[in-house]
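Remarks on the structure that follows.
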Amino acid sequence: MNCIVCIKQVPDVSEVSWDPVTGSLIRKGIPSIINPSDKTAIEAALRIREQCGGRVVVLSMGPSQVDEALREATAMGADEAIQLTSKQFAGSDTRATSYTLGLAVKKIGQYDLIICGKEALDGMTAQVGPQLAEFLNIPQLTYAVRIDVREDRVRVNQKLGDVRRVLETRLPALITVERELNEPRMAPMDAIIEAYGKEIEVWGPHDLDGDHTRFGLKGSPTKLRKMYSPKLVKSRLEMLQGNREELARRVVQILKTRRFL
Amino acid sequence: MAEGNNVREYSGVWVFVEQSNGQAARVSLELLGKGRELADKLDVALTAFLIGGAIGDLGKELICYGADKVLAADDPAFNEYHTGVYTRIIADQVTKEKPEILIIGATPIGRDLAPRLAFRLDTGCAADCTALDVDVEKRLFLATRPAFGGNVMATIICPDYRPQMATVRPGVMSPCERDGSRTGEPVNLDVEPYRNSAKVEVCETIYEETEGVDIQEAERIVGVGIGVGDRETLDQIKELAQLLDAEVGASRRAVEAGWLLHDCQIGQTGKTVRPEVYIACGISGAVQHTAGMCGSKLVIAINSDPMADIFSVADYGCVGNLADIVPALIAEIERSK
């Protein structure tokens, strides 16, 4: 059973702070982590390997420091790590990202399962998994809270809002995982040290057999038109005044106007 | 630059309508309301795209809610949502009819369907938007979404590819007033090519009996922070939540202090919630927490510290002690009943 896990390195939001004057994110010096649900995906692949044998390959696209995330994945137990790094990949939207990842998956070749986190902490689009599945023309089983692999089939418990479904399909398939699926293992310290000595394979555009005009910002159908701080548009806060009874009356009035009461 | 498709051939606004048992999801009606506005600005028709089994009169209902046309794929085989089948039905019709805009609700189904559909149609899709508009002159769809914890808004465009797609969070748009005098005839699509084409088998579907609603689905949440202070105040907050028919959520610190269980933790290391109303009680408002609740439609914050960060994401703020304000609120709600 060969699994490919796609991971993203994201800023550790628990360390993020905001510039009190401009209201913008202070990105400098923020440590990066493996996106939490991607870590769940790594753990899921490792458990499948423990049960069925096979290999776990971890794949990540991003700037050169993505190697840290890949080393951590290796320390957790992944057999192989591949990094997609190039200026040409920079600024990719979800389509360009999944196209690039898809070409890398095709180059890796033989696989049974692709496992991705449900969504990344920073972008939160949840689009790359389904788009990668579409590119590879394989079924997608999203929002997995349980995975069972049996021979050439996979069964997934899917958390579809307030509905739980049990889905089954023939391999190969792509699964996106919810964080509640498992508790990812900690990489042991000696494995981390060992991982830092390893060479991580880096692929650029010329390692991929595809249409280079589809890479990066230029190859992305969606473009950013503008960014703005919502606070500048409307300062929505109204501070309510008065003693506790007056405050309570105002709050109840607001709740009534909005038909919550 | 990869070559786009011929954008001028594309015209009209489409809304994908999610339904179950002949009932449209509320978000779909919200999107028809917004879609109506956009279609009027562009001077084009608004089409509702409906897939389901036994959809009955829903097609006609969608016309009452603003659609000019309804395209319906109605067959018992489509009662269950299948990514592959739904993608194929919509993609085939889009290729044929060429709408310029396609909007889908950012529900679990919509977020599963839209990205795959966008990739198949070789176009872009802006995810989880909270505002939609059009630049009439340039005939561009403007899809705005919160980026990075909701502190920045980003407007996304898709200039060279059609249709321009977006998924939209439930609860941010308003449906049109139902107008029974609107006329139009739903068109039933030929469903034959799509029957028995599912590659994924749905073995079981369990509609969860909602005992203590999943906090992620809750429309009303009272959030508890470390500022709750004591058990008595916590009990009062729970009573307040009950009066408001709301679920109780918590910040990480409140969970770590043992006030509430991890199951209801909201934020980066907990759950992301988007209720209609969020009442933050004694929550300081660290970004780890606000990132998980900033999609709330209405935020009322109560905190003893007037400088607490929670006020920066709140619509209304009350400065004071919970032990004073919460009982006063309970009394006021009971009096107003």
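Convention: sequence-line order gives letters A, B, ...; per-chain numbering from 1. Given the structure is predicted, the values throughout are model-derived calculations rather than measurements.
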Contact winner vs chain A - B:C125, B:A331, B:A126, heavy-atom pairs under 4.5 Å: B:C125
B:E256/B:R252 salt bridge by N-O under 4.0 Å criterion: yes
Residue part contacting chain B, namely of A:L141, when any heavy atom lies under 4.5 Å: side chain
Heavy-atom contact with chain A under 4.5 Å, split by part of B:I300: side chain
Presence of salt bridge, B:K337 and B:E334, under 4.0 angstrom: no
Best-contacting candidate, A:R155, A:M239, A:R170, A:K256, against chain B by heavy atom pairs under 4.5 angstrom: A:M239
Best-contacting candidate, B:A328, B:C203, B:C158, against chain A by heavy atom pairs under 4.5 angstrom: B:C203
Which portion of B:L142 sits near chain A, non-hydrogen atoms under 4.5 angstrom: side chain
Test: B:K297 cationic atom under 6.0 Å from B:Y278 six-membered ring centre, within 45° of axis: no
Short N-O contact, B:E276 and A:R258, less than 4.0 angstrom: no
Salt bridge flag under 4.0 Å for residues A:D38 and A:K8: no
Interface moiety of A:L217 toward chain B, non-hydrogen atoms closer than 4.5 Å: neither
Lys/Arg N to Asp/Glu carboxylate O, B:R274 vs B:D128, below 4.0 Å: yes
B:R220 portion near chain A, given a 4.5 angstrom heavy-atom threshold: side chain
Option among A:I4, A:L174, A:V177 that satisfies the side chain to side chain contact (heavy atoms under 4.5 Å, CB included) test with A:C116: A:L174
A:Y143, part contacting chain B, at a heavy-atom distance under 4.5 Å: side chain
Interface moiety of B:V319 toward chain A, non-hydrogen atoms closer than 4.5 Å: both
Engaged part of A:E119 at the chain B interface, taking heavy atoms whose separation is under 4.5 Å: side chain
Plane angle bin for A:Y99 and A:F215 - parallel if under 30°, tilted between 30 and 60°, otherwise perpendicular: tilted
A:E134/B:R116 salt bridge by N-O under 4.0 Å criterion: yes
Pairs of heavy atoms under 4.5 Å with chain A: top-ranked of B:I279, B:L298, B:T107, B:D309: B:L298
Under 4.5 Å from any heavy atom of chain B - which part of A:P36: neither
Interface residue of largest heavy-atom contact number with chain B, from A:E180, A:Q158, A:H212, A:M227, under 4.5 Å: A:M227
A:R259, part contacting chain B, at a heavy-atom distance under 4.5 Å: backbone
Structural part of B:T83 lying under 4.5 Å from a heavy atom of chain A: side chain
Interchain contact, B:P159 with chain A, by part (heavy-atom threshold 4.5 Å): both
salt_bridge(A:D148, A:R150) N-O dist < 4.0 Å: no
